[in-house]
Amino acid sequence: MIIGVDIGTSLTKAVVFDEAGVSLHQACTPSEVHHLSGGRVEQDLDQVVGTVATVVREVAAKLDAPVTALALTGQGDGVWLRDEDGNAVRPAISWLDGRANALLAKWQADGVSREVFRRTGSGMFPGCAAAVLSYLDTHEPEVLDQAAVAGYCVDAVLQRLTGEITVDVSDASLPFLDPKTRRYDEGAIAAVGLTHRRNLLAEPAPPKAVFRLNRRGAELLGLPEGLPVTAGPFDLPASAIGAGVRAPGDGILTAGTTLACQVLTDNAEFDGEGEPAGMFLSTPTPGEYLHAMPAMVGTASIDWICRLLGIEVTEIGTLLAQSPPGAAGVRALPFLSASGERAPFVDASARAQFAGLSLEHGRADVVRALCESIAYAARHCFDAAGLSGRLYACGGGVRSAEWTQIFADVLGRPIVIPSDPGVGARGAVLVAAEALNQPFDAELWASSSRTVSPVPENVEFYQSGYADYQASLTAARGLWRL
């Protein structure tokens, strides 16, 4: 039995699947996310590791067969600084963090962002490792002096469990790794002024790497010392694998805290002339990449509107049904993150807006306008990423049938939704099984799903709505200021 663990930003989940990919047991527990002044967002490594121990122990206790391996995946980006023993030297800085907003704006003005994009195909944003590390190098250099490694969430947990200091190539892609060579681009590191901190970047693990629980990890999880552990890819590629994305041109929409739009490709060529946003993620299969556009909009926006209106998330579907397509004339731009937007464009000063409101509108129209605007953002991302094939979807947002229908109508294509939860953990388990030479039938695992088809008249309506969204976005980008 392989336990898959998905260490999300706000929730850690463990799942065990049967031979057909149906979940047998699962457990989840929340992680603490600390939103501080100045757009700072941090997490405590010890608390996050504790969530892993909680869910693994809970699931393992339900099994009637021995655990054979542990497969880790989870959130990417940000910076998780540790010493040689895996202890945090400061709280982890989340991918949501906005303390480097001004620095990122300067890099854009000075051409640094475009230079890195030209080298690695990775668009930088305030919560990426380059911006955070450069900020710390200026404001907290003593912390970097104390650290042995500046990594990410998944490899931080791996180090605590196994003692290994490494990183998966999917995480390392952001933004220093050339996805084609799977090696760090020293010019990209130099462009952001971090050559003197190069020692903090862990070398990527080889394909299909398997690690082993050490005594510390075994005692924490209540599992045998020496148990095989895999770590990666991080949650975006893992979700694509778990959902069934297999053919170039196929894509996946993850409607989670972030709105992650990815398209599988066998061509990671980039000319560096377009908008320096998004990134090419290395997958476990050499020569295959995911062209990712992980927008900052997502279910965090829904949480915000619920707090603002004093409603529960469970009421969203009912409210969406009470307002017609087009939200009775209310329009929105969904950029509510304090760190702006990172795909399919990068602007730390991006902010939300609502237009067309009158005394005749109610909260249902405001909710629908926000949900439609997030769907428009998804279409913008997929247009940039080159979606041409089948589209899959996962994440908390697709639990709403009404919002999923909006996505299908705005995107103008059917959406395949895996029936079983834990898509990220499922992808991690499939990768682990392959690494252990015990592969499952990946097609069988992806076969349990349902399809949401677009409504033709709504598709036609949203064509003009998308054009209006693009016009509003273009106008707004000329007005945003930090």
Side-chain angles (χ1 to χ4, degrees), residues 35 39 96 98 255 257-259 295-345 347-381 383 396-412 454-455 457-482:
H35 292 266
L96 289 163
T257 304
T258 186
L259 185 75
M296 297 296 286
V297 301
T299 56
S301 302
I302 304 304
D303 294 337
W304 173 84
I305 199 73
C306 287
R307 291 194 303 271
L308 185 70
L309 300 178
I311 61 176
E312 299 295 326
V313 172
T314 52
E315 299 177 62
I316 292 293
T318 300
L319 289 171
L320 289 175
Q322 292 173 2
S323 181
V330 181
R331 302 179 305 280
L333 294 178
F335 310 112
L336 287 158
S337 171
S339 54
E341 186 52 278
R342 61 175 176 172
F345 62 92
D347 194 330
S349 60
R351 293 296 180 264
Q353 67 181 43
F354 288 84
L357 284 163
S358 74
L359 293 173
E360 295 181 353
H361 292 110
R363 60 184 185 177
D365 301 314
V366 175
V367 168
R368 187 170 188 103
L370 180 60
C371 289
E372 288 181 344
S373 71
I374 296 172
Y376 289 139
R379 178 168 173 178
H380 194 184
C381 287
D383 284 351
V398 298
R399 293 178 192 147
S400 166
E402 294 81 4
W403 196 15
T404 305
Q405 188 65 59
I406 290 174
F407 278 118
D409 293 343
V410 168
L411 293 167
V455 177
E457 55 266 32
N458 290 348
V459 172
E460 183 177 356
F461 176 86
Y462 283 126
Q463 281 288 108
S464 60
Y466 182 57
D468 289 342
Y469 170 86
Q470 290 279 33
S472 297
L473 176 58
T474 299
R477 292 188 69 179
L479 300 174
W480 289 330
R481 296 291 184 273
L482 279 175

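The structure displayed is predicted, hence computed values, not measured ones. The first residue of the sequence shown is numbered 1, and numbering continues consecutively from there.
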Check L333 against A476 and note the closest heavy-atom contact, atom names and distance. CD1-CB, 3.6 Å
Tell me every residue that passes side chain to side chain donor-acceptor pair (under 3.5 Å) with S337, counting only those two or more places apart in sequence or in another chain. S339
Just wondering, do M296 and L96 contact through their side chains at under 4.5 Å, heavy atoms? yes
Value rounded to 0.5 Å, distance of CD in Q463 from CG in N458: 12.0 Å
At what distance, to the nearest 0.5 angstrom, does CD1 of I374 lie from OG1 of T299? 8.5 Å
Can you tell me if S301 uses its side chain to pair, donor with acceptor, with the backbone of V297 under 3.5 Å? no
To the closest 0.5 Å, what do you measure between CZ (R351) and CH2 (W480)? 9.0 Å
Between CZ of R379 and OH of Y469, what distance do you get to the nearest 0.5 Å? 11.5 Å
Are there more than 12 heavy atoms of other residues, nucleotides or ligands under 6.0 Å from atom CD of E460? no
Rounded distance [0.5 Å steps], CZ in R399 versus OG1 in T404: 11.0 Å
Do L411 and P454 make a side-chain contact, defined as non-hydrogen atoms from C-beta onward lying under 4.5 Å apart? no
Is a side-chain donor or acceptor of R477 paired with a backbone partner of S472 at a separation under 3.5 angstrom? no
Contact check, side chains of L357 and V366, non-hydrogen atoms, under 4.5 Å: yes
Please check if atom CD in E457 has more than 12 non-hydrogen atoms from other residues, nucleotides or ligands closer than 6.0 Å. yes
Using atom types as modelled and distance alone, determine if a side-chain donor or acceptor of S464 lies under 3.5 Å from a backbone N or O of F461. yes
ring-ring contact (aromatic ring centres under 6.0 Å, His included) with F407: which residues, sequence neighbours excluded? W403
Roughly how far, to the nearest 0.5 Å, is CD of Q353 from CG of L479? 8.5 Å
All heavy atoms of S373 vs all of A332, minimum pair found to be CB-O, 3.2 Å
With sequence neighbours excluded, what pairs up with D303 under the side chain to side chain donor-acceptor pair (under 3.5 Å) test? none
When you look at C371 and R368, which way does the side-chain contact (heavy atoms from CB on, under 4.5 Å) test go after all the steps? CA-CA 5 Å; C371 289; R368 187 170 188 103; 5.6 Å; no
Decide whether E372 and Y376 meet the rule of one side-chain donor and one side-chain acceptor closer than 3.5 Å. no
Applying side-chain contact (heavy atoms from CB on, under 4.5 Å), run through L473 and F345 and close with a yes or a no. CA-CA 11 Å; L473 176 58; F345 62 92; 3.9 Å; yes
Could you give the side-chain donor-acceptor pairs of residues 308-328 under 3.5 Å, partners two or more places apart or in another chain?
unit_1 : atom_1 : unit_2 : atom_2 : d
E315   : OE2    : E312   : N      : 2.9
S323   : OG     : D365   : OD1    : 2.7

Kindly give the heavy-atom pair with the smallest separation between C381 and A295, and that separation in Å. SG-CB, 4.1 Å
Taking only residues two or more places apart in sequence or in another chain, which ones pass ring-ring contact (aromatic ring centres under 6.0 Å, His included) with F354? none
Among all residues two or more places apart in sequence or in another chain, which pass the salt bridge (Lys or Arg N to Asp or Glu O under 4.0 Å) test with E341? none
Test log, rule side chain to side chain donor-acceptor pair (under 3.5 Å), inputs D468 and Y462: CA-CA 9 Å; D468 289 342; Y462 283 126; over 6 Å; no
